[in-house]
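Data first, discussion second: the structure below is written as structure tokens.
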Amino acid sequence: MVAIPDASASGFVALARPALSSASFTETWSTGHLPDDGGPIALSSPVPVTLGGQPSVVVGDRLGNLFAYHLGGSSAVSAAGWPATNESGPIDSTPSVVTSGGSTSVLVGSGNDGDPVPGGYTSYGASGNQQWFTQVVNPPTDTAPAGGVQAGIAVGSLQPGSEDAVGGSLGQVSYALNATTGAPLTGWPFLNTDSTHSTAALADLYGTGQSEIIYGSDQTAGLGDGQQFGNGGHLRILSAQGNQICRADTNQTIDSSPAVGGFLPGGATGIVVGTGDFFPGTSDSNAVKAYNNRCQLQWSAALDGSTFSSPALSDVLGNGSLQVVEGTDLDVYGGSVWVLNAATGQTIWKVSGINRVIGSVVTADLSGAGYDDILVPTIAGTLVLDGRTGAQIADLSPNLGLQNSPLITDDPNGTIGITLAGYTSSTLSTKGVGEIDHYEISGSNGAESIGGAAWPMFHHDPQLTGDAGGTTPIGSVPPCSVPSSAYSGYDLAASDGGVFSFGGMPFCGSTGGVHLNAPIVGMAVAPDSGGYWEVASDGGIFSFGGAGFFGSMGGAHLNAPIVGMAATPDGGGYWEVAADGGIFAFGDAHFFGSMGGQHLNSPIVGISSSTDGGGYRLVASDGGIFTFGDAPFAGSEGGHRLNQPVVGTANDTNTGGYWEVAADGGVFSFGGAPFYGSTGSIRLSAPIVGMAETSNGSGYRFTAGDGGVFAFAAPFLGSLGAVRLARPVVGMAGT
């Protein structure tokens, strides 16, 4: 069944379409049965790569073979040195291509849900030679560690001076790696708390010239990452340093791979992704969802089947804007194809009653009519649909089962090429045998077809970026309105309110040089909104950059002076804490209790939020810990003899544990928080006054009163240790 759109309502002008029919598609070569009976090509999609100076295609199978064939000619010709054989597990991962310094390499993950161990990330040279292999290492708390990498590995420049790659695993971690060496980048791996099937998108979301990482993941109910989760999934945005910028939670897994582009109203940057149907009966099942670059839901469309496959962003109407194209899987009831308005999620047209759609659709202008057509992979061939109407044009390789995406190329002879890689029936195995078929469209223009707003392969391009373009222009967002977690660095605050920024953190202002009623005693960064706050001992709050002002205790009577503050994880509120343990909550920070009015052996000196903002911990100068809300108590130094008093605490987002730091730089770890080092045995020029963890929980830093900074398992980006200060440093905050 085809629902035809209303042309007048869709904003396009009718064009005379050149004739395109099933007769236009000619199969120019086929591999026939590949040597992979029982472990054929399945979820791995073909991608283009230049090998031996010739345009070629590469794809993996479940026996661990990585096949490469030249695109040109009238017969299947394998590239020299290929296939490569991966001995670490089956390949359901879509390969990606790295081109750097005149050399080409192919990255692919190994291991899948059915065979997840050992698995990992592998790089192959242009001759099929293995260059490196990086195995997944899960945290010791993972009771069922899996090393498989079923997601594709996205490629881009993440950290200065290198071409990098990022991909999730079937374990609890995602990796960003140097694409040349396979070494993990600083701040990685990132703890997901559950498996990842989603290929990450890479795009500049905030106009900083730096790509962020966007991907979906699964979540099984239980305790992870320091908080309690229910069944479902997450959409995450991470910085190149592995800092979580924001997260959207769903009650269904997000195994689909997100697409990114400037498709929201006004051309704003948006993220669109499918969910799936792993957890039956949930409200987020079988949906396509669009988010902005702060992980805020913009629209959600309920479709008629599983949206495990990944959406394409393409101009299938020819109206100069992007539409969302998604295939659905109804299991025994077949499949459908939907075209949605990308700005609103409204249905433009749908085609139902076709075979199951497990793989992801691709698009290109096949006729030169000025709009993109759609190739729909099914378990019995690939349908070619008119982009504007959904009318069927052709049915290619109906005996070839596909659970992946077709590939559309500009072939060596200048025509449009279409490569299908899947499985056919076998007399030896019920699992089938692999086959690759290649078609050309007579009289077509390959270069024009895959340009513009086309989505010609899985996740858009050979680097698997998932980026359709049109994202936030560089410099269009003020630096202090960019989420602080998008940067890598830290700020120091002095008692007169002077702020000193290091690394990528922007300077957003200070109270230095301004008369204050009381000295500054602490600061916090605004993770989602950008900027930071300073707090004075009288409870006055000073907001800078994108940090919102939500109220303060300035001018109110206090039983004891304020000694510190902590922000909620979304930056929508903060707590102030007094020396007597009194708590004052503002914005979306909730009050969960306090020590105000109770006897304390020692005064409170600091506060830290729990991982999800549903609680907080107070620390006293004797090392005593007081927990409220969902912040777990995992021990303290209270009652122990200390060489120097405790001066601060920080939460470990990876474990839900926490650290205390003393004035001599001694560090005490609790609740699984790793001990990375301390200055407890080092003579210091000035006592330590505060500490901050990195946003991804991979390390910590602390600062002394003279502005000296000490970094452990975290980059050192500078300090004030050699600078003469008018007022002492009293605290730090960072990412």
Side-chain angles (χ1 to χ4, degrees), residues 226-228 518-524 533 535-541 550-569 573-652 656-663 666-671 673 687-691 730-731:
Q227 57 187 297
Q228 192 72 33
I520 298 297
V521 293
M523 74 177 307
W533 300 276
V535 62
S537 63
D538 64 353
I541 290 284
F550 304 110
S552 79
M553 294 304 294
H557 171 73
L558 297 172
N559 294 326
I562 298 297
V563 294
M565 73 177 300
T568 57
Y574 42 76
W575 297 276
E576 298 181 18
V577 62
D580 64 353
I583 292 288
F584 308 95
F586 301 93
D588 67 4
H590 295 287
F591 177 78
F592 298 106
S594 77
M595 295 303 294
Q598 301 186 50
H599 172 73
L600 296 173
N601 294 327
S602 298
I604 299 299
V605 293
I607 182 174
S608 65
S609 169
S610 65
T611 301
D612 63 356
Y616 41 79
R617 297 182 190 87
L618 314 183
V619 64
S621 63
D622 64 354
I625 290 285
F626 307 92
T627 60
F628 300 91
D630 67 0
F633 176 79
S636 77
E637 285 300 301
H640 298 149
R641 182 179 180 278
L642 299 173
N643 293 328
Q644 293 288 324
V646 167
V647 294
T649 183
N651 182 57
D652 176 22
Y658 45 91
W659 299 282
E660 298 179 13
V661 65
V667 172
F668 309 96
S669 301
F670 302 94
I688 300 300
V689 294
M691 77 181 305
V730 294

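Values reported hereafter were calculated over all heavy atoms of this structure, with side chains retained and with hydrogens, waters and symmetry mates removed.
Taking 4.5 Å as the limit, every side-chain heavy atom of F628 sits out of range of all side-chain heavy atoms of H590. Between E660 and I625 the shortest side-chain heavy-atom distance falls below 4.5 Å. Looking at heavy atoms from C-beta onward, F633 lies in side-chain contact with Y658 at the 4.5 angstrom threshold. The shortest side-chain heavy-atom distance between L600 and F626 falls under the 4.5 Å cut-off. The closest side-chain heavy-atom distance from W659 to S608 is not below 4.5 Å.
Residue F668 holds its CZ atom at 5.0 Å from CG of L642, rounded to the nearest 0.5 Å. With values rounded to the nearest 0.5 angstrom, R617 atom CZ is found 11.0 Å from I607 atom CD1.
With hydrogens and angles ignored, the 3.5 Å screen pairs no side-chain donor or acceptor of D652 with any backbone N or O of G657. In this structure, the side chain of Y616 engages the main chain of G593 through a donor-acceptor pair within 3.5 Å.
Of the N and O atoms on the side chains of N651 and T611, at least one donor lies less than 3.5 Å from an acceptor on the other residue.
Checked against side-chain hydrogen bond (donor to acceptor under 3.5 Å, both in side chains), T568 has the following partners two or more places apart in sequence or in another chain: D570, D588.
Closest of all the heavy-atom pairs between D630 and S610 is OD1-OG, 2.8 Å. When all heavy atoms of V661 and G690 are compared, the pair lying nearest together is CG1-C, 4.5 Å. Of all heavy-atom pairs spanning S621 and S602, the tightest one is OG-CB, 3.2 Å. Across all their heavy atoms, A578 and F584 have their closest contact at CB-CE1, 4.3 Å. The two residues I541 and Y574 make their nearest non-hydrogen contact at CG2-OH, 3.6 Å. Residues A673 and S669 share a closest heavy-atom pair of O-CB, 3.1 Å.
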Would you be so kind as to tabulate the donor-acceptor pairs closer than 3.5 Å made by side chains of residues 550-566, with sequence neighbours excluded?
residue : atom : partner : partner atom : Å
S552    : OG   : G554    : N            : 3.1

